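Side-chain atoms are counted along with the backbone in the values below, which use heavy atoms only and exclude waters and symmetry mates. Note that the coordinates shown come from a computational prediction; the quantities given were computed from them, not determined experimentally.
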Amino acid sequence: SKYLAIALTNFSIAIFDIENRIFIKTFSAHDQYMHTLEELIDKNGYFYLLTGSTDRTIKLWDYLNGILLKRLVFTTQTPIFLLSFNNSGT
């Protein structure tokens, strides 16, 4: 991918175009620290971002527009530390 997503200490995400070396945008993502970011580019070239946080939520984003597509809330006291997409279709 030519894009880079960075989890910031103010619970936001910053998106950069690393090919052209330009900042694209920052958007508010979580209520507490993010511990994991995972990107997915689908077969149509659409960019998704999956984030997990100490706030016990997993969120699916429209990567480049900063639009929240889905939010999963877990009731356990355990924060989300690791996420992964399965691109194999299984």
Are L68 and W61 close enough, and set up right, to give a side-chain contact (heavy atoms from CB on, under 4.5 Å), and what steps lead you there?
CA-CA 5 Å; L68 180 62; W61 301 91; 3.6 Å; yes
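- Counting only N and O atoms by type, the side chains of D55 and Y33 include no donor and acceptor under 3.5 Å apart.
- Each of T9, I13, L8 was compared with M34 under the side chain to side chain contact (heavy atoms under 4.5 Å, CB included) criterion, and only I13 meets it.
- Using a 30° and 60° split on the angle between ring planes, Y63 and Y3 fall in the tilted class, from 30° to 60°.
- A continuous path of ILVMFWY side-chain contacts below 4.5 Å connects F47 to L37, so both sit in one hydrophobic cluster.
- No side-chain heavy atom of Y48 sits under 4.5 Å from any side-chain heavy atom of D62.
- To the nearest 0.5 Å, atom CG of residue L49 and atom CG of residue L69 are 10.0 Å apart.
- Looking at I67 and F27, their side chains never come closer than 4.5 Å, going by heavy atoms from C-beta outward.
- Listed for the T54 side chain is no donor-acceptor partner under 3.5 Å among the backbone atoms of Q32.
- Expressed to the nearest 0.5 Å, how far CG of L50 lies from CD1 of I58 amounts to 6.0 Å.
- Heavy atoms only, all atoms of each residue included: K2 and N20 are closest at NZ-ND2, 3.7 Å.
- Listed here is the closest heavy atom pair of S28 and S12: CA-OG, 3.8 Å.
- Residues L72 and T57 form no side-chain contact, since every pair of their non-hydrogen atoms from C-beta on lies 4.5 Å or further apart.
- Between I15 and T26 there is no side-chain heavy-atom pair separated by less than 4.5 Å.
- The CZ atom of F23 sits 10.0 Å away from atom CD1 of I6, with the distance rounded to the nearest 0.5 Å.
- Without hydrogens or angle criteria, D42 side chain to N44 main chain gives a donor-acceptor distance under 3.5 Å.
- Between I80 and F74 the shortest side-chain heavy-atom distance falls below 4.5 Å.
- Put simply, the residue from H30, H35, E38 that forms a side chain to side chain donor-acceptor pair (under 3.5 Å) with T51 is H30.
- The main-chain N or O of E19 is found under 3.5 Å from a side-chain atom of D17 such that the two form a donor-acceptor pair.
- Under the 3.5 Å distance criterion, the side-chain polar atoms of K59 are matched with a main-chain donor or acceptor of A29.
- I24 is not listed as a side-chain neighbour of F16, based on a closest heavy-atom distance of 4.5 Å or more.
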